[in-house]
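Some notes on the structure that comes next.
Quick note: residue numbers are just sequence positions, from 1.
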Amino acid sequence: MSNNFNGFYNLVSPILSLVNNYTGALLMIVSSLGAIQCIFLGVRYAKAQDPDEMSQARKNLKDFMIGFFIIFILLAAMRAGMPSLCKWMEENTKVSIY
């Protein structure tokens, strides 16, 4: 039974360390790219001349902001929830990962 847990640890450990090491950097990259894209869409909305183009630019900006917010919240929730998930796994498999 211990070999199964050891194999599971060997499988999960690199994935967990990758997530822990790069989640902060990923949040910064997503935030930076999101700010740039938001500025780009705002300029496009400001430059729109006819009502159809303005309506489409407004819809694109709104859709982007909703998607950006969802991605940012999910990444932050993953980062915040990782210790709890590792504790739950440790209790259920008797293998310490975090």
Check your understanding: Nearest heavy-atom pair of Ala57 and Tyr45: which atoms, and what distance?
Key -> CB-CA, 3.7 Å
Check your understanding: To the nearest 0.5 Å, what is the distance between CD1 (Ile70) and CE (Met65)?
Key -> 12.5 Å
Review point. Are Phe68 and Cys38 close enough that some pair of their side-chain heavy atoms sits under 4.5 Å apart?
Key: no
Point to revise | Common cluster, Val43/Phe64, ILVMFWY with side-chain heavy-atom separation under 4.5 Å | key: no
Check your understanding: Quick one: CD on Glu53 to CZ on Arg44, what's the gap to the nearest 0.5 Å?
Key -> 7.5 Å
Check your understanding: Has Met78 got more than 12 heavy atoms of other residues, nucleotides or ligands less than 6.0 Å from its CE?
Key -> yes
Check your understanding: Are Phe72 and Phe40 co-members of a hydrophobic cluster defined by side-chain heavy atoms under 4.5 Å apart?
Key -> yes
Review point. Same cluster or not: are Leu61 and Ile71 linked, directly or through other Ile, Leu, Val, Met, Phe, Trp or Tyr residues, by side-chain heavy atoms under 4.5 angstrom apart?
Key: yes
Check your understanding: Ignoring hydrogens and geometry, is there a side-chain-to-backbone donor-acceptor pair from Ser55 to Pro51 under 3.5 Å?
Key -> no
Check your understanding: Could you state the interatomic distance from CZ (Arg58) to NZ (Lys62), rounded to the nearest 0.5 Å?
Key -> 10.0 Å
Review point. Of the non-hydrogen atoms in Leu41 and Asn60, which two are nearest, and what is the gap between them?
Key: CD1-O, 3.9 Å
Review point. Do the side chains of Val30 and Tyr22 join up, straight or via other hydrophobic residues, at under 4.5 Å, putting them in one cluster?
Key: no
Exercise for review: List the atom of Asp50, the atom of Asp52, and the distance in Å for their closest heavy-atom pair.
Suggested key: OD1-N, 3.0 Å
